[in-house]
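Taking it in order: structure first as structure tokens, then the write-up.
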There are 2 protein chains.
Amino acid sequence: MRDPASKKDVALEDMASGCVGCVTRSLCLGEGLNQQQLKGLERIITIRGPYRTGQAIYRLEERFNSLFIIRAGTVKTESVSQEGNNLVDGFFFQGDVFGMEAIGSATYEHDAVALEETWVCELPFEQFESLCQFVPRLQHKIMLLFGQKMRHTNQSIVHGRCQSVEQRLMGFLRMLCQKSVLQDEKCRSSVQLVMTKGDIASYLGLRPESLSRALRKLQSRGIIRNHGKRVEVLNVSAVSSEVCK
Amino acid sequence: MRDPASKKDVALEDMASGCVGCVTRSLCLGEGLNQQQLKGLERIITIRGPYRTGQAIYRLEERFNSLFIIRAGTVKTESVSQEGNNLVDGFFFQGDVFGMEAIGSATYEHDAVALEETWVCELPFEQFESLCQFVPRLQHKIMLLFGQKMRHTNQSIVHGRCQSVEQRLMGFLRMLCQKSVLQDEKCRSSVQLVMTKGDIASYLGLRPESLSRALRKLQSRGIIRNHGKRVEVLNVSAVSSEVCK
DNA sequence: CGATCAATTGAGTGTGTTCAATGTCAGTGG
DNA sequence: CCACTGACATTGAACACACTCAATTGATCG
């Protein structure tokens, strides 16, 4: 968090620019739009930040008005289970859209919490819908995004249910590596965990203890190395392969 | 299947009519559209059926072109896990839209299989997108649908992971009852299972044996009665209550 | 430097799985 | 009509894996 070479030292001027000059655009809804269309998008978004670690972008039961897109940083969404435990539903990285679960609902369904210094674009949903009427490409993109999201959920959650803990964990590490690649434009064999192990465990449907043991198992099999907030992936092919075990 | 009073004896003329006179419309994307807008929708849909039990509406890896809406009947979607088992991802009832997971993908992600005599409306997606450009209400409705779907997935799958088998089962029965109410316009305390117990087990992330035992437990607690393909809900309030156990 | 929260480790328990056997039912053909 | 078949459903016993609870270590911060 205080590593001066870290990507987290975001240049403030980068965060101030609109969609047209946005460094994150290739990942975002604006990808593939022409100048004029980008201007339209730029008119309705508001850039918000910096959020500090632990700060909420929105909270459960707040009125739903906007989607959010991550410019820089990381966000988790979490809700409360029947038993009263916190339950992490998702992690969101640069370029990811969050808040979509609230569409059609009066209020947000989760808390959205920054996991590090984070900047987001607020996208008022009603205005966005109107804009989609005039920019077919934008309508198309949001639909693609919905489809993607459903596929991802299905892949990770539904299929995850009939996988072993280690398989699920490897799937998660795979996802983290991909996101790192997208952000850094280079392949990394080491992943910085901005979230706590407890959050990861919750996301994977596990107790923290079980996650800890699973990490140790993968380490003993020579696939990863686990030092605290950093996980080295030693055997990239094992983690990357779709069929594991 | 041959019960003469059954809802499954669908009147053929009902199935032949377009959107304007559709008996299912109140459940469908067309809900709330005016005559002219309905005509637009009607122009692009194709009514397909009857599909017999076990017949596929589409199959994994077939080219994705259309969404489907159920006019009458029931459909399951299933994919194949890494280990090669069939995995039921969803059940769809009258008025439900399926095929959405394939949006943005070249091919379908699942098999969609009829669980009884079934009629569907095929909705070519590209044409649908174009239509949405001219009918804001339709664009809005599909977005609502996406949001709903995500919320439902989150509720049932993510939260399901930290529930006991019995809780998940009760959640499933609750869902079935709601769907029955929608279809029959009356509250029923008895649900006909068109899917096999194996399908239900798969959907709930269980082995058939575990489902069987869970049903027996609920029965021994006086909450349901389990006779083969029919489940009587004796204690509706227990099944309906959000907080159980 | 304690204080606090996160992460790890160990021992014992419990829930769902696995495997194998049995029961039920609908459809088929002698 | 009844025996046979095959798919689905149920039951039991033994097991495995993740959970629970409790103690310890490690990291972070005022």
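Proteins get letters first, then strands, A, B, ... in listed order; numbering begins at 1 in each.
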Practice prompt. Assess whether one donor atom and one acceptor atom, taken from the side chain of A:Arg213 and the base of D:dT20, lie less than 3.5 Å apart.
Written response: yes
Worksheet item: Given B:Asn86 and B:Glu78, is the side chain to side chain donor-acceptor pair (under 3.5 Å) satisfied, shown in steps?
Response: CA-CA 6 Å; B:Asn86 270 12; B:Glu78 63 181 349; 3.3 Å; yes
Practice prompt. Quickly work out the A:Asn85 CG to D:dT20 P distance and round it to whole Å.
Written response: 9 Å
Fill in: Spacing of A:Gln163 atom CD relative to C:dT17 atom P, expressed in whole Å
15 Å
Item to complete: Go along nucleotides 5-10 of chain D 5' to 3' and tag each nucleotide: B for a protein heavy atom under 4.0 Å from its base, S when only backbone or sugar atoms are that close, - otherwise.
Response: ----SS
Worksheet item: Taking the six-membered ring for Trp, are A:Phe172 and A:Tyr203 parallel (under 30°), tilted (30 to 60°) or perpendicular (over 60°)?
Response: tilted
Worksheet item: Roughly how many Å is it from CZ in A:Arg207 to C1' in D:dA22, rounded to a whole number?
Response: 16 Å
Practice prompt. To the nearest Å, give me how far apart CG (A:Leu193) and P (C:dA6) are.
Written response: 15 Å
Item to complete: May I ask you to check whether A:Phe68 and A:Phe92 place their ring centers less than 6.0 Å from one another?
Response: no
Discussion item. Check this for me: does any side-chain nitrogen of one of B:Glu122 and B:Arg48 sit under 4.0 Å from a carboxylate oxygen of the other?
Written reply: yes
Discussion item. For the backbone of A:Ser79 and the side chain of A:Asp89, can you confirm whether one donor and one acceptor N or O come within less than 3.5 Å of each other?
Written reply: yes
Discussion item. What is the separation between atom CG on A:Leu204 and atom P on D:dA18, rounded to the nearest whole Å?
Written reply: 12 Å
Worksheet, complete the sentence: From CG of A:Leu115 across to C1' of C:dA6 the rounded distance in Å is 15 Å
Worksheet item: Hey, is A:Arg52 close enough to A:Glu116 for a salt bridge, meaning N to O under 4.0 Å?
Response: no
Fill in: Protein-nucleotide distance (B:Arg230, atom CZ; C:dC25, atom P), rounded to Å
15 Å
Worksheet, complete the sentence: Atom CG of A:Asn86 and atom P of C:dA6 are separated, to the nearest Å, by 11 Å
